[in-house]
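This report refers to the structure that appears directly beneath it.
For clarity, every value in this text was computed on a predicted model and none was experimentally measured. First listed ligand is number 1; within each ligand, the first listed atom is number 1. Heavy atoms only: backbone and side chains are in, while hydrogens, waters and symmetry mates are out.
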Amino acid sequence: MSRDGAAAEQQAAYHAALLAVLGPPQDLLARGGSALDAVSLAVDLLEDCPLFNAGHGAVFTHDETHELDAAVMDGATLKAGAVGCVSRIKRPVRAARAVMEHSEHVLLVGAGAEALAQRLGLEMVSPDYFSTEHRREQLRRVLATDKAVLDHDGAALQFRSPSGPTPPLDEQRKFGTVGAVALDAQGNLAAATSTGGMTNKQPGRVGDCPVIGAGTYADNRTAAVSCTGTGEMFIRAAAAYDVCARMAYAGASLAQAAEAVVMQALPAIGGRGGLIAVDRHGNFSMPFNTEGMYRGFARVGEAPQTAIFR
Ligand code: ASP
């Protein structure tokens with residue numbers, strides 16, 4: 001097959017995966033289901049899909065292990081739950097929801113989070129469940145590459161996997177965290193995010209995803225936000241909360257707030273990535289300052305749409 005043909009086929013695989021994820025939550029919302037259930041279901045499906053960096057298909061740490069982070073937030077109550085550094089919970093987003101609904105805490109990490117998940121009967125797996133050959137090659141490649149070349153703003157480094165076709169977006173320059181935001185018929189907003197983190201991260205590192213207000217936030221008065229990108233900068237910028245704050249305090253529209261965070265506040269400190277957000281009126285915004293971002297949206301009664309590039 002020609003390179004263009006392979007590229008088209010790869011892009012089609014990502015569009016198909018996104019469409020498969022959008023359908024069930026769209027049906028759930030059409031039946032009057034809650035935004036919280038819709039985002040939980042969407043992230044469940046994304047975690048199971050090896051194309052994305054969450055659940056099965058998560059990236060490797062420097063020690064060739066997996067440490068996953070996930071969060072969920074209910075915009076109606078401002079309740080939130082998150083887990084960090086877990087490696088045996090099959091669907092980390094369910095554990096995040098369990099922390100929210102069955103503990104007095106917001107964030108549990110490592111063995112404690114896994115013990116809660118196990119106690120509540122969530123499905124547990126051996127850590128190698130998350131591994132794929134593609135991610136192992138990605139780690140080897142990053143380990144073998146010197147820091148200067150890893151610079152995201154350096155020369156383009158298209159990742160070529162000997163074991164499979166090249167993904168449409170340069171794996172060194174896009175972020176594969178998964179997330180979902182939703183508005184339901186009752187006017188409630190919710191957000192959920194899940195990730196394997198960043199390839200070659202130091203063991204013990206926790207990114208923005210499970211830090212409420214950084215990678216994940218939802219408030220019925222403003223918006224639901226889920227982020228992907230260089231987690232450290234998203235934490236420092238309180239990125240997800242900043243979108244809501246700009247709306248609440250400065251009267252910004254969702255689009256203005258999201259653009260300002262992704263195109264100004266984050267780049268000002270070297271932050272790269274993007275976010276998906278929906279407001280209480282059903283407006284949505286999905287800005288990114290990278291080459292592309294796998295994304296999609298669905299409204300009840302309308303055909304879902306997906307996109308990769310700008
Ligand atoms: N934000 C994630 C993290 O820093 C990485 C990603 O979005 O791919 O852990």
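Close to ligand 1: R205, with a non-hydrogen atom less than 4.0 angstrom away.
Other residues, nucleotides and ligands place no more than 12 heavy atoms under 6.0 Å from the NE2 atom of H62. The 12-atom threshold is exceeded at NZ of K90, counting heavy atoms of other residues, nucleotides or ligands nearer than 6.0 Å.
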- Taking it one step at a time, do E133 and R136 satisfy salt bridge (Lys or Arg N to Asp or Glu O under 4.0 Å)? CA-CA 5 Å; E133 201 39 44; R136 214 180 284 278; 3.8 Å; yes
- Check the pair S126, D128 against side chain to side chain donor-acceptor pair (under 3.5 Å), reporting the backbone distance first and the verdict last. CA-CA 5 Å; S126 140; D128 58 13; 2.6 Å; yes
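Distances below 4.0 Å separate heavy atoms of G176 from the following atoms of ligand 1: 8 (O). Which parts of ligand 1 touch T177 is read off a 4.0 Å heavy-atom cut-off, strictly below it: atoms 1 (N), 2 (C), 5 (C), 6 (C), 7 (O), 8 (O). Of all the atoms in ligand 1, the ones that sit under 4.0 Å from a non-hydrogen atom of G231 are 4 (O). Less than 4.0 angstrom separates some heavy atom of G229 from each of these atoms of ligand 1: 1 (N), 2 (C), 3 (C), 4 (O), 5 (C), 6 (C), 7 (O). In summary, the atoms of ligand 1 found under 4.0 Å from a heavy atom of T228, numbered by their order in the structure, are 6 (C), 7 (O), 8 (O). Atoms of ligand 1 lying under 4.0 Å from at least one heavy atom of D208, given by number and element, are 1 (N), 2 (C), 3 (C), 4 (O). Of all atoms in ligand 1, listed by their number and element, those nearer than 4.0 Å to a heavy atom of G197 are 5 (C), 9 (O).
Proximity of the aromatic rings of F52 and Y14 is defined here by a centroid distance below 6.0 angstrom, and this criterion is met.
Between R97 and E101 a salt bridge is recorded (basic side-chain N to carboxylate O distance below 4.0 Å).
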